[in-house]
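What follows is a single structure, written as structure tokens, with notes after it.
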2 protein chains.
Amino acid sequence: MSGNEKNTEQLILDAARNVFIEKGFDGARMQEIADTAGINKALLHYYYRSKDQLFESVFRESLSTFFPRIFEVMSFPIELSEKIKLFIDSYIDIILQNPHIPAFILHELNRNPARITDILPFTEKTMSGLLSSLSQEIKTAGFIEISPEQLVTNMISLCIFPFIARPIIQPIFLGNDADRFDEFIQNRKTEVTQFILNALTKK
Amino acid sequence: MSGNEKNTEQLILDAARNVFIEKGFDGARMQEIADTAGINKALLHYYYRSKDQLFESVFRESLSTFFPRIFEVMSFPIELSEKIKLFIDSYIDIILQNPHIPAFILHELNRNPARITDILPFTEKTMSGLLSSLSQEIKTAGFIEISPEQLVTNMISLCIFPFIARPIIQPIFLGNDADRFDEFIQNRKTEVTQFILNALTKK
DNA sequence: GTCTATATTGTGATAGAC
DNA sequence: GTCTATCACAATATAGAC
């Protein structure tokens, strides 16, 4: 091996990721994946027996890029308000690096909701532990009464939704200039953080 | 006509709506639409020349169910806090009646973002008028400084996202009992309203 | 308007040479 | 491991009888 060439398996996975994320499972074509990888269809089936298997690899990888990070920051031993600040900032940054993955994951999960039970990297126990300690932290911080589920849902909604709804937000609010979307999102980092922290503060 | 039979065109449109919304354009099959409508494929093409045309009808209809309502309430002559309350409540109600349409619309728009320019029921002028008067109302109400674009984005995110992310929210937060999702959403009506109004209030 | 039958093309997957 | 050629079937669309 001369060194700077990626191995074929990785080449295929990269191509498949791009095509599946852009087109979805149903819209993706093995031919297009092969073309993108610079190889032919037969080789695709040599490495991954079927379209389903190739998709499965891409999907698991995508899910694991995003999912654990949601609760990672939330278990840091810092003040809740700092957690929230850190979460919003870092989570929006992650999405900025892979802006189409949230829509991809959610579309595929809606297409087949059962999929998630196979893949979920959490036990119910881990989850209920996180939720009950978050519940405690909300009280300790002197915030308004809110269930941890509703709070987490709100945080994630405010981070992710604008990326999924970009085809609407861009033309309605920002016109044709794509740069303004980046600006809009960068502003949101502080805007959303302040919005949430203020919402949680009693009067 | 004996009375209680719908005409075939409507029968087809109903079937197409169900199938397209569940499977998306790429996943939908003309055969399945025909079966659902209780007719055969040839008749589909008799009424709608192609799959694209049939889809176009369904998509336009779906978009017009949802889109205008977003800004309808926002132009009522009532206090901003009342508008927000009314908007959250009525918008979540609309989504509850068509819980899969938001994911459908957003997926199809991401598949082809250009589509929206053909269909948008708003002129840029109407939009900028709404935004600048909303901007004024935020000041008049004595709320925190926030751009109308960010506020509207937040409101819509908090209403719509939980429906799109249901395949994640349900198993993580609510277990297997589907009824708990309805409960969760019903709670959100007041939770989200309070969350937003509190976020907008200066301390 | 509605059907059966069929044309035509697209698509995932495999066989087999090198 | 990689390719060309091809199979088998799925899917949109049309022709033509009733």
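Any value given below was found using the heavy atoms of this structure, including those in side chains, with hydrogens, waters and symmetry copies removed. So you know, we letter chains A, B, ... as the sequences are listed, proteins then strands, and number each from 1.
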Main-chain N/O of A:Gln10 paired with A:Asn7 side-chain donor or acceptor, under 3.5 Å: yes
Using whole Å, what does the distance between atom P of nucleotide C:dA13 and atom CG of A:Leu54 come to? 10 Å
Can you tell me if B:Tyr46 touches the phosphate of C:dC3, counting only side-chain N or O atoms and a distance under 4.0 Å to OP1 or OP2? no
Whole-Å distance, A:Leu44 CG to C:dT14 P, equals 12 Å
A:Phe55 CZ to C:dT11 P, in whole Å, measures 18 Å
Report the distance from atom CD1 of A:Ile92 to atom CD of A:Gln97, rounding to the nearest 0.5 Å. 12.5 Å
Is it true that B:Glu22 and A:Arg111 have a side-chain N and a carboxylate O under 4.0 angstrom from each other? no
From CG (A:Leu134) to NZ (A:Lys83), nearest 0.5 Å: 7.0 Å
Can you check the B:Glu32 CD to D:dA10 C1' distance for me, whole Å? 14 Å
State whether A:Thr8 places a side-chain N or O below 4.0 Å from either non-bridging phosphate oxygen (OP1 or OP2) of D:dT2. yes
Residue list, salt bridge (charged side-chain N to carboxylate O under 4.0 Å, His left out) with A:Asp35, at least two apart or on another chain: none
Quickly work out the A:Tyr47 OH to C:dT14 C1' distance and round it to whole Å. 18 Å
Taking only N/O atoms, report every protein-nucleotides 11-15 of chain D pair under 3.5 Å with atom names and distance.
{"from": "D:dA11", "atom 1": "OP1", "to": "B:Arg29", "atom 2": "NE", "distance (Å)": "2.7"}
{"from": "D:dT12", "atom 1": "OP1", "to": "B:Lys51", "atom 2": "NZ", "distance (Å)": "3.3"}
{"from": "D:dT12", "atom 1": "OP2", "to": "B:Met30", "atom 2": "N", "distance (Å)": "3.2"}
{"from": "D:dA13", "atom 1": "OP2", "to": "B:His45", "atom 2": "NE2", "distance (Å)": "3.2"}
{"from": "D:dA13", "atom 1": "OP2", "to": "B:Lys51", "atom 2": "N", "distance (Å)": "2.7"}

Atom pair distance, as rounded to whole Å: CG in A:Asp35 and P in C:dG12: 12 Å
What is the distance, to the nearest angstrom, from the CZ atom on A:Phe25 to the P atom on C:dT11? 13 Å
Classify the side-chain pair A:Asn110/A:Arg115 by whether it contains a donor and acceptor separated by less than 3.5 Å. no
Could you pull out every donor-acceptor pair under 3.5 Å between side chains of residues 171-183 of chain A and any protein atom, sequence neighbours left out?
{"from": "A:Asp177", "atom 1": "OD1", "to": "A:Asp179", "atom 2": "N", "distance (Å)": "3.0"}
{"from": "A:Arg180", "atom 1": "NH1", "to": "A:Leu174", "atom 2": "O", "distance (Å)": "3.4"}

Would you tell me if any nitrogen or oxygen in the side chain of A:Asn40 comes within less than 4.0 Å of OP1 or OP2 on D:dC3? yes
Whole-Å distance between C:dG1 C1' and B:Ile12 CD1? 10 Å
